[in-house]
Novice: 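Sharing a structure, written as C-alpha cells. Questions coming.
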2 protein chains.
Amino acid sequence: MSLDHLPRHQGGADALARLLGQALLAGSWQPGEVFPRELDLCKHFEVSRNQVRNALASLTATGLIERTAGRGTRVCQISDWHLLDPLMSEWLAGLEAPDPKLVREIFAFRYSAEPVVASLAANAAVAADIAAIEQAFDGMRITASAQQAARHVEYDLAFHEAIYRASHNLVWRQMGHLLRPSIMALIQHSQHSVATLDDSLVRHGRVLAAIRAGQPQAAERAAREVLKRTAIDLGIVAEAADTLPSNER
Amino acid sequence: MSLDHLPRHQGGADALARLLGQALLAGSWQPGEVFPRELDLCKHFEVSRNQVRNALASLTATGLIERTAGRGTRVCQISDWHLLDPLMSEWLAGLEAPDPKLVREIFAFRYSAEPVVASLAANAAVAADIAAIEQAFDGMRITASAQQAARHVEYDLAFHEAIYRASHNLVWRQMGHLLRPSIMALIQHSQHSVATLDDSLVRHGRVLAAIRAGQPQAAERAAREVLKRTAIDLGIVAEAADTLPSNER
DNA sequence: GCTTGCTAAAATGTCAGACATTTAATAGGC
DNA sequence: GCCTATTAAATGTCTGACATTTTAGCAAGC
C-alpha cells in the first residue's frame, strides 16, 4: 500500500502521528506489510525527518508498527496493538468508519467488564462520584433528541466514565479511555428514535439508582441491561434478539 | 528531589527511560514536582541530549511526566499514569520494592476482573488454549519448591496469561501485561511454605479443570479462590481472614 | 500603589547535515 | 554449491545552531 491517497496535513508531529495511526487503524496497511520509509514520508508530507521520526515513535509506542535498523518498518499484528493506550482510543474515536471487528471486540470487553465496574462503584462511590454520574445523566435527559445526538453522546460518555472513576481503582479508571471509541461509534449508527432513546435513558437511570443506593448486584444487572440496549444501537445484535454478544469457541 | 543518588547507567535511551521510570514509580519525585532539566540529565548520565529526549519521550507516553516548552518538566499525578502500558508493567515488575499501594490497586483490579476472564475463557477456549494453560500448570507443579521460586513464578505468570489469551478478546489479552508486576511481587513476599504452595496448586488446578470442562461459573468461582490464596501470599490480607480486598467507601 | 507592557532569561521544541550501525542482497572466489 | 566480502539501504545517533514558549523582573504610566 502506498501513501498516495493520504492528504497533506497541517500541525506538528502529533497531527502526523494521528493521521498515520488512523490510516493504520482503518486498515490501509496489512499486518506484516512494510511501512513507507522515513525519507519517503518526509517528501510526501513535506516535513522534516525529525517530525517523521517523532510521529513514528508514537506509532511504535502504541504497538502499531515495529522498527528495526537496516530492516525497515513493518506493521504489527492486530493482537499486538495497545488498544488500552489513550492515544489509541483517541485515534480510534476520531475515525469515520472504524473497523467493525474492533468495535465489536471493544464492546464485548465492555459487556463483560462494565457490570463488574458498576458493582464496584456501588460499593465505593462517595457523594462526589454520585453527583458526577447524576450530572451526566441529567445532561443525557436534556439532550435526548435526534437533533442533539452529538451532545447526547458526550453526556453518555461522561456517564460511563464517571462510573469507572467511581470504582476508585486506578486500573479501572485508566480503562475509561476505551469508552470513547465505543460510544462515539453510536453516532454512526444513529438510528436514535425517540423510543430507543427513552428506553436507553430508563436503563441508565436504573444504574444510577442502584449505585446511589449502594446495591452492587442491582448495579451489575442494570449495567448489563444498558449494554444490551447499546448492543442493539451499535448494530451488534438485532433488535429482538435476546442473545448476547459472547466469544464463541 | 535531585538525581544525585541515581547510578550511572549503560545502554541506550531505553535503559535510561527504564532507570528514570522506575525511579518515578518508586516515588523518588512527588507528583507536581519539577523534573530535572534535559541538560542536567545529559551532564549527570554523560549521554547526548538525543538520548535524554528519547527517554523523556517514553516517560511522557506513559503519562509519568508532562512537558511544556518554556515551563519545564513536571511529574504527573498517579491517577494519570498509564498503568496499562506494557512498558509500565515491565518497569514496575523490575522494581525491588514496588509501592505497596500500587500492588494493592493492581491486585484489587485482578480480584474483580480475573473471575470474569476465567469465565470467558471457559466459554471461548479451544484445544490450543487449554494445552497452553495445562503446560504452564505442569511447570508450576514441577517447580513447586522454595528453591525454584523464580522459575515457579514464571510458570504462574504463564498460567494466568494463558487464561487471558483464552478469552479470545483483544482487550482482555492486552491486559495480561498487568500480571507481571502483580505476580513478580510474590517473590518478595516469599513465605512459600510447602503447604501454601500445595494449596495454591490445587486451586490453580480447579481453574484449569473448569475451563477444560467449559463451565464458566465454576471457572469464575475457582479463579476467585486462586486470588484469595494469592492475596494471602502477597500479604494483602491476613492468613485466616475470610474477608476480601475491596474498595471501601 | 497598581496595572500594563517590554525585555531578558531559561526551558523545551525543531531543524539540518553528517555519520554510525544494522540488515539484507549481491557478487566473487574456492 | 557454499562461504565470504562487498555494497546498498534502511534506521539510529550525534552535534550545533536556532525557534518558540513561558516565566519573572523591571520600568513606565495612569
Side-chain angles (χ1 to χ4, degrees), chain A residues 1-3 6 8-21 23-24 29-76 80 87, chain B residues 1-3 6 8-21 23-24 29-76 80 87:
Chain A
M1 179 74 188
S2 125
L3 40 77
L6 286 182
R8 298 291 182 281
H9 86 301
Q10 47 185 357
D14 290 348
L16 182 55
R18 179 198 180 95
L19 187 69
L20 295 173
L24 282 161
W29 286 274
Q30 293 303 310
E33 202 174 341
V34 300
F35 198 75
R37 296 163 301 192
E38 291 183 352
L39 294 180
D40 290 340
L41 292 169
C42 292
K43 194 171 294 180
H44 181 83
F45 294 107
E46 296 174 358
V47 295
S48 72
R49 197 176 156 217
N50 232 329
Q51 298 221 35
V52 168
R53 282 186 63 77
N54 286 338
L56 292 181
S58 288
L59 298 184
T60 307
T62 51
L64 283 171
I65 60 175
E66 184 188 20
R67 319 192 67 201
T68 355
R71 203 154 165 252
T73 304
R74 329 199 82 167
V75 179
C76 291
D80 292 326
L87 256 185
Chain B
M1 179 73 189
S2 127
L3 41 77
L6 285 181
R8 298 292 182 280
H9 85 301
Q10 47 185 357
D14 290 347
L16 182 55
R18 179 198 181 94
L19 187 68
L20 294 173
L24 282 161
W29 286 273
Q30 293 303 310
E33 201 174 344
V34 300
F35 198 74
R37 296 163 302 189
E38 291 183 351
L39 295 179
D40 290 341
L41 293 168
C42 293
K43 194 171 294 181
H44 182 83
F45 294 107
E46 296 174 357
V47 295
S48 72
R49 197 177 158 216
N50 231 330
Q51 299 221 35
V52 168
R53 282 186 63 77
N54 285 338
L56 292 181
S58 287
L59 299 183
T60 307
T62 52
L64 284 171
I65 60 174
E66 185 189 19
R67 320 191 68 201
T68 358
R71 203 153 165 255
T73 303
R74 329 200 85 166
V75 179
C76 291
D80 292 326
L87 256 185

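Letters A, B, ... are given to chains in the order of the sequence lines, protein chains preceding strands, and every chain is numbered from 1. Keep in mind that the numbers below use all heavy atoms, side chains included, and drop hydrogens, waters and symmetry copies. In this text the structure is predicted, and so the values were computed from the model without any measurement.
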Novice: What integer distance in Å separates Gln51(B):CD from dT13(D):C1'?
Specialist: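 To the nearest whole Å, that distance equals 8 Å.
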
Novice: Just checking Glu66(B): does its CD atom have more than 12 heavy atoms from other residues, nucleotides or ligands closer to it than 6.0 angstrom?
Specialist: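 Counting neighbours around CD of Glu66(B), 12 or fewer heavy atoms of other residues, nucleotides or ligands fall under 6.0 Å, so no.
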
Novice: Looking at Arg49(B), does any N or O in its side chain come under 4.0 Å of the phosphate oxygens OP1/OP2 on dC14(D)?
Specialist: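 No, no such contact exists.
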
Novice: From dT13(D), dT21(D), dT14(C), pick the nucleotide closest to the side chain of Asn54(A)?
Specialist: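 Minimum distance to the Asn54(A) side chain belongs to dT14(C).
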
Novice: Tell me the interatomic distance from Asp14(A), atom CG, to dT12(C), atom C1', rounded to whole angstroms.
Specialist: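 Answer to the nearest Å: 14 Å.
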
Novice: What's the CG-C1' distance between Asn50(A) and dT11(D), to the nearest Å?
Specialist: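 Rounding to the nearest Å, CG of Asn50(A) and C1' of dT11(D) are 14 Å apart.
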
Novice: In whole angstroms, how far is the C1' atom of dG13(C) from the CZ atom of Arg53(A)?
Specialist: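 Taking atom C1' of dG13(C) as the reference, CZ of Arg53(A) is at 16 Å.
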
Novice: dA8(D) P sits how many Å from Leu39(A) CG, rounded?
Specialist: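 For the pair Leu39(A) CG and dA8(D) P, the rounded distance is 17 Å.
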
Novice: Please name the residue in the list Thr62(B), Leu64(B), Leu19(B) that meets the side chain to side chain contact (heavy atoms under 4.5 Å, CB included) test with Leu24(B).
Specialist: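 Output: one option passes, namely Leu64(B).
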
Novice: Would you kindly give the CG-to-P distance between Leu16(B) and dT13(D), to the nearest whole Å?
Specialist: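 One finds 12 Å between P of dT13(D) and CG of Leu16(B), rounded.
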
Novice: From CD of Glu46(A) over to P of dA16(C), roughly how many Å is that when rounded to an integer?
Specialist: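 From Glu46(A) CD to dA16(C) P: 12 Å.
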
Novice: Would you say Thr68(B) reaches dT21(D)'s phosphate, i.e. side-chain N/O to OP1/OP2 under 4.0 Å?
Specialist: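 So the side-chain polar atoms of Thr68(B) never come under 4.0 Å of the phosphate oxygens OP1 or OP2 of dT21(D).
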
Novice: Between Leu56(B) and Leu41(B), is there a side-chain heavy-atom distance shorter than 4.5 Å?
Specialist: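 Yes, at least one pair of side-chain atoms sits under 4.5 Å.
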
Novice: Of all heavy-atom pairs between Ala17(A) and Ala55(A), which one has the smallest distance, and what is that distance?
Specialist: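 That would be N-CB, 3.7 Å.
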
Novice: Sort out for me which residue in Arg67(A), Glu33(A), Glu38(A) forms a side chain to side chain contact (heavy atoms under 4.5 Å, CB included) with Thr73(A).
Specialist: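 Output: one option passes, namely Arg67(A).
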
Novice: When you measure from the side-chain N and O atoms of Arg71(B) to the phosphate of dT21(D), is any distance below 4.0 Å, counting only OP1 and OP2?
Specialist: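 So the side chain of Arg71(B) is outside the cut-off, no N or O lying under 4.0 Å from OP1 or OP2 of dT21(D).
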
Novice: Given atom CZ of Arg67(A) and atom P of dT13(D), what is their separation to the nearest angstrom?
Specialist: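 It works out to 11 Å between those atoms.
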
Novice: So if I take every side-chain heavy atom of Ala69(A) and compare against dG12(D), dG13(C), dC15(C), which nucleotide ends up nearest?
Specialist: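 Of the candidates, dG12(D) comes closest.
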
Novice: Starting at the 5' end of DNA chain D and moving along, which residue's nearest nucleotide shows up first, Gly70(A) or Gly70(B)?
Specialist: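 By nearest-heavy-atom nucleotide position, the 5'-most residue is Gly70(A).
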
